Amino acid sequence: MIDLKDLDYDELTEYLVSIGEKKFRAEQIFSWLHKGAESYDEMTNLSKATRERLLQETYVSTLKIREKYVSKIDGTVKYLFELPDGNCIESVVMRYHHGLTICISSQVGCRMGCRFCASTIGGLVRSLTAGEILNQVIFAQKDVGERISNIVMMGIGEPLDNFDNVIKFLHNVNHEKGLNIGYRHITISTCGVVPMIYRLAEEKLPVTLTISLHAPNNEIRDTIMPVNHRYKIEELLKACKAYADTTGRRISFEYSLIHGVNDSMANAEELAKIAGPLHAHINLIPVNKVEERDFKKGSREEIQAFCKRLTELGINATVRRELGADIQASCGQLRKKVL
Ligand code: SAH
């Protein structure tokens with residue numbers, strides 16, 4: 001059975017023509033699917049015969065809201081979605097002054113093994129299909145009843161470890177007959193799968209690329225991010241430069257401050273040296289406590305001092321505001337609890 005949300009617009013058109021439908025059906029069906037229709041019966045402009053024909057080989061995929069939490073502090077909404085096979089993923093809707101941003105997952109679990117991260121604890125179960133990635137946006141938007149205008153791929157999983165499905169998802173979510181979310185409003189976050197950064201650059205989509213750097217040198221990065229054994233910081237920075245040169249988009253870095261591991265003044269200075277030439281923006285994130293892990297965040301003053309040092313050295317750095325602190329909104333925490 002085919003989930004029509006796993007097809008892009010052209011593939012959908014081709015499929016419909018192949019079963020004897022007119023081309024314009026693609027626009028109707030695409031639009032219904034992306035508005036969150038949950039069955040062909042809801043697609044009132046399709047004939048009964050068409051609906052029955054579609055049911056022979058295809059289905060309308062959905063996501064079940066298994067748990068939902070709304071932060072009393074800032075209105076952040078966290079979803080634990082259940083996939084058709086019973087696996088769970090997390091998505092988070094955040095309110096910013098420029099509109100709603102959704103943080104979505106790309107895989108069930110993750111095989112990257114970052115030491116501080118809750119998403120990777122049980123390893124990778126499987127990658128999400130293009131339709132499953134998209135469904136998070138569709139069903140969260142349907143549930144909150146407001147337009148979601150920005151997407152960050154910073155939930156569970158490594159997007160560049162599920163490359164083809166992520167690319168198809170990007171095309172579909174950007175399509176004007178669907179949710180029509182601009183590429184510039186989409187951010188992909190990666191722990192640094194270097195060859196895939198080059199492949200993403202070749203796609204020439206003006207999405208924002210952010211790198212989970214978390215260390216200013218190989219010595220530290222090796223101890224907290226296994227991916228660094230494979231691709232060293234020098235190679236990663238070269239790929240970042242190539243990405244920026246090809247797409248014209250500035251790279252940004254995520255840097256989780258872990259007390260006593262990567263948060264000294266010397267670390268800030270080293271970080272400034274590597275971020276400076278790329279004109280990269282640095283997002284500082286006080287590390288979130290994960291039960292199984294022993295990492296701690298520094299004090300507010302220490303975090304501010306780290307940020308100030310970067311700024312003094314000419315780097316554009318900010319400390320990320322913590323949203324949804326009362327609902328375990330950080331990635332992987334909720335799925336793990338339910339498992
Ligand atoms: N695999 C991708 C997408 C996940 S994004 C990536 O690594 O970028 C999730 C972000 O949160 C990453 O920057 C990740 O390193 C960070 N993160 C994971 N666990 C964290 C924790 N306990 N505290 C702070 N940031 C964390």
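First listed ligand is number 1; within each ligand, the first listed atom is number 1. Everything numeric here is computed off the predicted structure, so don't read it as measured data.
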Val287, portion touching ligand 1 at heavy-atom distance under 4.0 Å: both

If you count the atoms of ligand 1 from 1 in the order shown, which ones are under 4.0 Å from a heavy atom of Cys117? 18 (C), 19 (N)

Does ligand 1 have a heavy atom under 4.0 Å from the side chain of Thr190, from its backbone, from both, or from neither? backbone

Under 3.5 Å, is there a donor-acceptor pair linking the side chains of Asn135 and Lys5? yes

Does Val290, backbone or side chain, put an N or O under 3.5 Å from an N or O of ligand 1? no

From the candidates Glu254, His214, Met154, the one that places a heavy atom nearest atom 14 (C) of ligand 1: His214

With a 4.0 Å cut-off on heavy atoms, is Gly155 touching ligand 1? yes

Carboxylate-amine/guanidinium contact Asp85 Arg126, below 4.0 Å: yes

Kindly list each side-chain donor-acceptor pair under 3.5 angstrom involving residues 199-208, sequence neighbours excluded, with atom names and distances?
{"from": "Arg199", "atom 1": "NH2", "to": "Asp164", "atom 2": "OD1", "distance (Å)": "3.3"}
{"from": "Thr208", "atom 1": "OG1", "to": "Arg249", "atom 2": "NH2", "distance (Å)": "2.8"}

What do you reckon, are the aromatic ring centroids of Tyr255 and Phe253 less than 6.0 Å apart? no

Go through the side-chain N and O atoms of Asp74 and Ser71 and say whether any donor and acceptor fall under 3.5 Å apart. yes

Numbered atoms of ligand 1 (with element) below 4.0 Å of Glu158, judged on heavy atoms: 1 (N), 2 (C), 6 (C), 7 (O)

Of Cys191, Gly157, Ser212, Ser256, the one whose closest heavy atom lies nearest atom 3 (C) of ligand 1 is Gly157

Got a sec, which residues hit ring-ring contact (aromatic ring centres under 6.0 Å, His included) with His175, two or more places apart in sequence or on another chain? Tyr9, Phe30

